Amino acid sequence: IISFIFIHLYLSLRAILWYDMIYYNNQHNNQRIDGAAVTILAKIMAKVEVLHMKFISWNVNGFRACLQKGFADFFQAANADCFCLQETNMQPGQADFAPPGYNSYFHSAVKKGYSGTALFTKEKPLEVRFGIDGQHAEEGRLITAEYPGFFLLCCYSPNAQDGLAR
């Protein structure tokens, strides 16, 4: 799924850049554009849904401490559509942060003060999942939000340790 998303985004970006390049060359260099290329490009652009969304991902290394250092002001000023936090290091109810206009999702580790992720979204996802297919949820490392056309992953990966033990 992740490979599909990256390929789709890559192809969409290439189509947009190609369109911009042709438009720029035509407007600023007065060059003739091949009619067939424009027809093909128009067909590609008709199928490309351009998303204008702002995503922020931040390893906060302790959400409660971050809140005491002006996080709420930054959050409001950033005005992101999706805000992913890693290493929240807290249990549910240990911090009071519910920004208006956002859906909030927290995934805490069973072990107190350890790892954890949080996701704040303006648009409500179709579905939100914690862990990987219901597994590996004890460390609170993954939140997956499904939207029409893409999946958003808020992931805090573990240290692999010597010999890639993890």
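From a predicted model like this one, the values you see are computed outputs, not experimental measurements. Atoms considered below: every heavy atom in the structure, side chains included; atoms not considered: hydrogens, waters and symmetry mates.
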Nearest heavy atoms of Glu123 and Tyr147, plus distance in Å:
O-OH, 2.9 Å
Nearest 0.5 Å, please: how far is CG in Leu152 from OG in Ser57?
8.5 Å
When rounded to the nearest 0.5 angstrom, what distance separates CD in Gln94 from CG in Leu67?
11.5 Å
Do Val128 and Thr144 come within less than 4.5 Å of each other through their side chains, counting heavy atoms only?
no
Strictly by modelled atom types, are Lys122 and Asn79 linked by a side-chain donor-acceptor pair under 3.5 Å?
yes
Donor-acceptor pair, Lys111 side chain versus Glu138 backbone, under 3.5 Å?
no
Closest non-hydrogen atom pair, Ala109 against Glu139
CB-O, 3.4 Å
Side chains of Gln91 and Tyr114: does their closest heavy-atom pair fall under 4.5 Å?
no
Exactly one of Phe97, Trp58, Tyr156 clears ring pair (Phe, Tyr, Trp, His ring centres under 6.0 Å) with Phe63, and that residue is Phe97
Decide yes or no for Cys84 and Gln86: does some side-chain heavy atom of the first lie under 4.5 Å from some side-chain heavy atom of the second?
yes
Under the side-chain contact (heavy atoms from CB on, under 4.5 Å) test against Thr117, which residue among Thr88, Leu142, Ile143, Leu153 passes?
Ile143
Distance-only polar pair, side chains of Glu87 and Ser115, donor-acceptor under 3.5 Å:
no
Hydrophobic cluster identity match, Leu119 and Phe74, side-chain contacts under 4.5 Å
no
Option passing ring pair (Phe, Tyr, Trp, His ring centres under 6.0 Å) with Phe120 (candidates Tyr102, Phe55, Phe75):
Phe75
Contact check, side chains of Cys154 and Phe83, non-hydrogen atoms, under 4.5 Å
no
Could you grab the distance from atom CZ of Arg64 to atom NZ of Lys69, nearest 0.5 Å is fine?
12.5 Å
To the nearest 0.5 Å, what is the distance between CD on Gln76 and CZ on Phe71?
12.0 Å
Rounded to the nearest 0.5 Å, what's the gap from CG on Leu85 to CZ on Phe106? Could you check?
7.5 Å
Exercise: identify the closest heavy-atom pair between Cys82 and Thr121
SG-CG2, 4.0 Å
Just how far is it from atom NZ of Lys112 to atom CG of Asn89, taken to the nearest 0.5 Å?
14.0 Å
